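Basis for what follows: all heavy atoms, side chains included, without hydrogens, waters or symmetry-related copies. What you are looking at is a predicted structure, and each value in this text was computed from that prediction instead of being measured. For reference, positions follow the sequence shown, starting with 1.
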Amino acid sequence: MSRSTADQTEPIHVEDEAHLDELVADNAVVLVDYYADWCGPCKMLEPTVEEIAEETDAVVLKVDIDALQELAQDRGIRSVPTLEFYAGGEQAERLVGVQDKADLIAVIDDLS
């Protein structure tokens, strides 16, 4: 049985730019986590991102900047972790570095 992305309770790993654009366009509030496997702060942030996927209505996407270098470059990602928030298909906020869970949820609540 397929589920709509609005019912996602765990982060979705983005496959390419078209996949990212489709998910951003199809969902009301989206959090995109740009990360790298070698990035210590990204590993610190990962449990928070997973909890947000589980606990909020936002759709959470993960973009591996090493696997999708061109996408990261096109989006102007210069350091990781970088978190982008989208509402109604438009970028609403960008945060760089490890963030407090309460602050991230506050941004999602403002956009919802």
Checklist line | Separation between NE2 of His13 and CG of Asp33, rounded to the nearest 0.5 Å | finding: 9.0 Å

Check: Hey, any chance Leu45 and Ile108 share a hydrophobic cluster, counting ILVMFWY side chains that come within less than 4.5 Å of each other, even indirectly?
Finding: yes

Check: Does Asp21 come within less than 4.0 Å of Arg75, counting only side-chain N to carboxylate O?
Finding: yes

Check: Under 6.0 Å from the CZ atom of Arg78, do we count more than 12 heavy atoms belonging to anything else shown?
Finding: no

Note to self: Can you tell me if Gln73 has over 12 outside heavy atoms packed within less than 6.0 Å of its CD?
What the structure shows: no

Checklist line | Interatomic spacing from CG in Leu68 to CD1 in Ile77 - rounded to 0.5 Å | finding: 11.5 Å

Check: Within a strict 4.5 Å, meaning less than it, do heavy atoms of the Arg94 and Leu83 side chains meet?
Finding: no

Notebook entry, point to check: Are the side chains of Asp66 and Asp37 in touch, meaning some heavy atoms are under 4.5 Å apart?
Noted result: no

Next item on the list: Begin from the C-alpha positions of Ile52 and Ile105 and carry the test side-chain contact (heavy atoms from CB on, under 4.5 Å) through to its verdict.
Entry: CA-CA 7 Å; Ile52 287 171; Ile105 289 176; 4.1 Å; yes

Check: Which distance, rounded to the nearest 0.5 Å, do you find between the CD of Glu84 and the CG of Leu20?
Finding: 8.0 Å

Margin query: A side-chain contact here means heavy atoms from C-beta on lying under 4.5 Å apart; do Leu31 and Leu61 qualify?
Written below: no

Margin query: Do Val63 and Leu71 make a side-chain contact, defined as non-hydrogen atoms from C-beta onward lying under 4.5 Å apart?
Written below: yes

Check: Are Ile65 and Met44 grouped together when hydrophobic residues (ILVMFWY) are joined by side-chain heavy atoms under 4.5 angstrom apart?
Finding: no

Next item on the list: Any chance you could lay out the side-chain contact (heavy atoms from CB on, under 4.5 Å) test for Leu104 and Leu95, step after step, and finish with the verdict?
Entry: CA-CA 9 Å; Leu104 298 177; Leu95 302 171; 3.7 Å; yes

Next item on the list: Quick one: do Val30 and Phe85 satisfy side-chain contact (heavy atoms from CB on, under 4.5 Å)? Show the steps, please.
Entry: CA-CA 6 Å; Val30 178; Phe85 295 84; over 6 Å; no

Checklist line | Euclidean distance, Ile12 CD1 relative to His19 NE2, rounded to 0.5 Å | finding: 6.5 Å

Next item on the list: Report yes if some heavy atom in the side chain of Val32 is under 4.5 Å from a heavy atom in the side chain of Tyr86; otherwise report no.
Entry: yes

Check: Looking at Glu55 and Lys101, does any basic side-chain N land under 4.0 Å from a carboxylate oxygen?
Finding: yes

Next item on the list: Measure the SG-CG distance between Cys42 and Asp64 for me, rounded to the nearest 0.5 Å.
Entry: 9.5 Å

Checklist line | Nearest-0.5 Å distance that lies between atom OG1 in Thr48 and atom CD in Gln99 | finding: 10.0 Å

Next item on the list: Look at the side chain of Asp100 and the backbone N and O of Ala102, then say whether any donor-acceptor pair between them is shorter than 3.5 Å.
Entry: yes

Next item on the list: Verify side chain to side chain donor-acceptor pair (under 3.5 Å) between Tyr35 and Glu46, making sure each step is shown before the conclusion.
Entry: CA-CA 9 Å; Tyr35 75 98; Glu46 190 168 6; over 6 Å; no

Check: Testing Asp110, Asp103, Leu111 for side-chain contact (heavy atoms from CB on, under 4.5 Å) with Val107, which one passes?
Finding: Leu111

Margin query: With heavy-atom distances below 4.5 Å as the criterion, would you say the side chains of Lys62 and Val49 are in contact?
Written below: yes

Notebook entry, point to check: Okay, side chain of Thr82, backbone of Ser79: is any donor-acceptor separation there less than 3.5 Å?
Noted result: yes

